[in-house]
Protein chains: 2
Amino acid sequence: MSSIRDVARLAGVSHQTVSRVINEHPSVREGTRQRVLDAIAQLDYRPNVAARALVTNSLNLIGVLSATTGEFGATSSLTAIEEAARAAGYSVTTLNLPDVSADSIHAAVRQLQNERVDGLIALAPQARVSHVLAGMRADIPIVTLQTASGATAETLSADQVAGARLATEHLISLGHRDVVHLAGPQDWVEAESRMQGYLDAMLDADISPFPPVRGDWTADFGHTAGVELAHRGDMTAVFVANDVMAIGLIHGFRDMGLEVPRDVSVVSFDDIPVAAHVTPALTTVHQDFQALGRRALLLLLAEIRGETPPVLEPAHPRLIVRDSTATPHTVTQP
Amino acid sequence: MSSIRDVARLAGVSHQTVSRVINEHPSVREGTRQRVLDAIAQLDYRPNVAARALVTNSLNLIGVLSATTGEFGATSSLTAIEEAARAAGYSVTTLNLPDVSADSIHAAVRQLQNERVDGLIALAPQARVSHVLAGMRADIPIVTLQTASGATAETLSADQVAGARLATEHLISLGHRDVVHLAGPQDWVEAESRMQGYLDAMLDADISPFPPVRGDWTADFGHTAGVELAHRGDMTAVFVANDVMAIGLIHGFRDMGLEVPRDVSVVSFDDIPVAAHVTPALTTVHQDFQALGRRALLLLLAEIRGETPPVLEPAHPRLIVRDSTATPHTVTQP
DNA sequence: TTGTAGGCGTTATCAC
DNA sequence: GTGATAACGCCTACAA
């Protein structure tokens, strides 16, 4: 593997001139530049990132701390982050948290710092993670994605509350009053925001909300919840915090002889790729996870470069109405 | 940020001794070792990876070249790779291919080499990608994941053919003879293997197979195919190359008044998390994508270290029978 | 516009 | 067992 000096020798210049060409320094005569470029091509020379990092003190690397388990949203955001980062000349290293204890979070951040990342994006929707992060004051910029609470670190999210309100209001506008919320895990900021949107919508309509059912995002839990709610039988609609749980919920309902939307309406959140194809097709709130990822990266780069961060208005989720909602049974058959 | 010399000064030794302690060199007196360790802790010293990489010529970095679009399988494997790599002391950088042209593949490998990865795993199920990779002879080890064809590079995969055969034989054993295969894209090795399994099973049972329908893995395509196949109406069962397409297919069938499994049976591949909860619950072939990822990493590490690669027997997919299959209509109602 | 000197933080080599 | 010295490949600063 040839070095900058080999190129210099071949081009008949000093290694410093080669460095200038590589870094696009303006004061290099065009002829010299060409000779150097030729030599570079001829030797298939590639700058050594380690050597450069040693002196510039930056590897042009950003870290992603992920506490997700391959959900659709997180995966989409991650891909977007990676692409945007490379486009900006940074490479990306990902670290999956084994659990969300303060210890593993500390260890993970420490590890990423040891790897000399220039900044890091936390793809960690659990409130606890953002809190631990906020309380750590690592000496690199950190942007937390998909988290709504202000905390200390830079945070960013779609407007989950508005989306949830949209979903709930859709049910109410159809005539539902007995609307249950199947929520996400307590610790997740998104879960809280979506619940907030539900509560807001219910109270605005002068309906007293039910105590929410706490789920864990999985289809399996949704199924269990479906069976239980069918037993209770005191609601005509459910707002579910994500599509995957909704699919399980509908399954549970069916096992108990309840059909959606004939007997119960269901609205959920995310618009995963199969949402339009399951039976019934899901009425759901669509989010642009990729845009979210790109924006997180923009924010982080601004912080790394010490620029003033761009002003980013929150993304606006929108409701997609499909087959899982209808006017309530009791209303259509008085 | 303190350096090895700061530690040396504080511990009253030479920087070289500190280096020995860090690298667990045997010949350091225990007392000295402790003093150095204390100094390290006191200064919160962290080795500079760039400086180390400069002299060892390795960043302890492995690259993952991904040509997938967030499918369940690829995502699971990627996570497993990342975790296994970190456990082995390597960090991971991911590069998503914008497209699978030879140019982008070349550029991507080049980019990863510029980043000084010690080896790379291609999470690229398209045959073309493995071919381009095999023809490139980059000067770093490359392991290709989820690819069955031998090619030149190290490859690794679950036994897709066996899994597909299992699925098809299940249909045949139920009494189906008119079994259509909704395949994956032509270029994907997995798609080819699954088709091969279908063909094998059909021929073994002395049934002449249908020409397969080419899909693209998406639920949307599945839906289109469902509508078309319903028009044709010449089959009693479909073996679909993945669950997501199967969900779309069933949707398309339903739009045309065909119920699964009453009118048509469907078997698919992957066992994604919602497979058990959609209606009807999918009979499908389960694969352990995480194990696949871990094995890919094992193979790569062996190559990087110049060891003889471990002998890995292919993973054995298994069939999970749920509700989407039944005995054929024409047989149950003679 | 171009070249020379020095140093970034670490490991390897060879003394002692 | 420990230390001095020389790289590793590059960039910054300064000199020509």
Side-chain angles (χ1 to χ4, degrees), chain A residues 1-40 42-61 89 91 113-118 139, chain B residues 1-40 42-61 89-91 113-118 139 305:
Chain A
M1 179 117 296
S2 45
S3 86
I4 201 172
R5 290 170 203 277
D6 301 322
V7 176
R9 197 173 316 120
L10 182 60
V13 298
S14 78
H15 67 104
Q16 187 44 243
T17 299
V18 177
S19 172
R20 291 201 180 90
V21 171
I22 294 167
N23 296 297
E24 294 173 327
H25 189 99
S27 57
V28 176
R29 190 174 300 141
E30 182 54 25
T32 320
R33 212 177 77 86
Q34 268 314 328
R35 284 212 317 283
V36 172
L37 255 20
D38 288 348
I40 286 177
Q42 190 174 333
L43 294 175
D44 191 26
Y45 162 78
R46 305 156 185 225
N48 183 318
V49 289
R52 169 178 285 164
L54 182 56
V55 62
T56 61
N57 205 25
S58 158
L59 272 167
N60 273 203
L61 212 210
S91 59
Q113 285 196 267
N114 285 351
E115 293 177 20
R116 293 302 203 270
V117 299
D118 294 310
D139 32 55
Chain B
M1 177 118 298
S2 46
S3 87
I4 201 172
R5 291 171 202 275
D6 300 321
V7 176
R9 198 174 314 119
L10 182 59
V13 298
S14 79
H15 74 271
Q16 187 45 242
T17 299
V18 177
S19 174
R20 290 200 179 91
V21 171
I22 293 168
N23 296 298
E24 293 171 331
H25 189 99
S27 57
V28 176
R29 189 173 299 142
E30 182 55 24
T32 321
R33 212 177 77 85
Q34 269 314 328
R35 283 211 316 284
V36 171
L37 254 20
D38 289 348
I40 287 178
Q42 189 175 334
L43 294 174
D44 191 27
Y45 162 77
R46 308 162 184 214
N48 183 319
V49 289
R52 169 178 286 163
L54 181 57
V55 62
T56 61
N57 205 24
S58 158
L59 271 169
N60 273 201
L61 212 209
Y90 284 78
S91 58
Q113 286 197 267
N114 285 352
E115 293 178 19
R116 293 300 203 267
V117 299
D118 293 310
D139 33 54
R305 296 172 177 153

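First the proteins, then the strands, lettered A, B, ... as listed; each starts at 1.
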Could you check which of [options] has an atom nearest any side-chain atom of [X]?
X: B:His15; options: D:dC11, C:dT2, C:dT11; result: C:dT11
X: A:Pro47; options: D:dT2, C:dA12, D:dC10; result: D:dC10
X: A:Thr17; options: D:dT2, D:dC10, C:dG3; result: C:dG3
X: B:Ser14; options: D:dG3, D:dG9, D:dT2; result: D:dG3
X: A:Ser19; options: D:dC11, C:dT11, C:dG3; result: D:dC11
X: A:Arg20; options: D:dT2, C:dG3, C:dT11; result: C:dG3
X: B:Ser3; options: D:dC11, C:dT10, D:dC10; result: C:dT10
X: B:Ala51; options: D:dC11, D:dT2, C:dT10; result: C:dT10

Find the distance [X]:[atom1] to [N]:[atom2] and express it as a whole number of Å.
X: B:Asp6; N: C:dC8; atom1: CG; atom2: P; value: 11 Å
X: B:Asn48; N: C:dG9; atom1: CG; atom2: C1'; value: 6 Å
X: B:Ile40; N: C:dT10; atom1: CD1; atom2: C1'; value: 13 Å
X: A:Leu59; N: D:dG9; atom1: CG; atom2: P; value: 17 Å
X: B:Ile22; N: C:dT10; atom1: CD1; atom2: P; value: 6 Å
X: A:Leu43; N: D:dG9; atom1: CG; atom2: P; value: 14 Å
X: B:Arg35; N: D:dG1; atom1: CZ; atom2: C1'; value: 12 Å
X: A:Ile4; N: C:dT2; atom1: CD1; atom2: C1'; value: 14 Å

Worksheet item: Any N or O donor-acceptor pair linking the side chain of B:Arg33 to the base of D:dG1 at under 3.5 Å?
Response: no
Worksheet item: Does any N or O donor sit under 3.5 Å from an N or O acceptor when you compare the side chain of B:Arg5 with the base of C:dT10?
Response: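 Checked by distance alone, the answer is yes.
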Fill in: Distance below 4.0 Å between B:Asn23 side-chain N/O and C:dT11 OP1 or OP2
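For B:Asn23, the contact criterion (side-chain N or O under 4.0 Å from OP1 or OP2 of C:dT11) is met.
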Worksheet item: OP1 or OP2 of D:dG1 less than 4.0 angstrom from a side-chain nitrogen or oxygen of B:Arg29, does that happen here?
Response: no
Worksheet item: Is the backbone of B:Tyr90 close enough, under 3.5 Å, to the side chain of B:Asn60 for a donor and an acceptor to pair up by distance?
Response: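 No, B:Asn60 side chain to B:Tyr90 backbone: no donor-acceptor pair under 3.5 Å.
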Practice prompt. Taking all heavy atoms of A:Ile22 and all of A:Arg52, pick out the closest pair and write down the distance.
Written response: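 That would be CG2-NH2, 3.4 Å.
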Fill in: For B:Glu115 against B:Leu59, the heavy-atom pair lying closest together
O-CD1, 3.6 Å
Worksheet item: Between OG of B:Ser14 and CZ of B:Arg5, what distance do you get to the nearest 0.5 Å?
Response: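 That separation rounds to 9.5 Å.
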Worksheet entry | A:Glu24 CD: over 12 foreign heavy atoms closer than 6.0 Å |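 No, because the 6.0 Å sphere around CD of A:Glu24 holds 12 heavy atoms or fewer from other groups.
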Fill in: Residue whose nearest DNA chain D nucleotide is more 5′ - B:Val55 or B:Pro26
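By nearest-heavy-atom nucleotide position, the 5'-most residue is B:Pro26.
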Fill in: Upstream residue (5' side of DNA chain D) when B:Leu54 and B:Gln16 are each assigned their closest nucleotide
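The 5'-side residue here is B:Gln16.
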Worksheet entry | Pairing of B:Arg35 and B:Asp38 as salt bridge, 4.0 angstrom limit |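 Result for this pair is no, no salt bridge flagged.
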Practice prompt. Remember a base hit wins even if backbone is also touched, and classify A:Asn57 as base, sugar-phosphate or nothing at under 4.0 Å, heavy atoms.
Written response: nothing
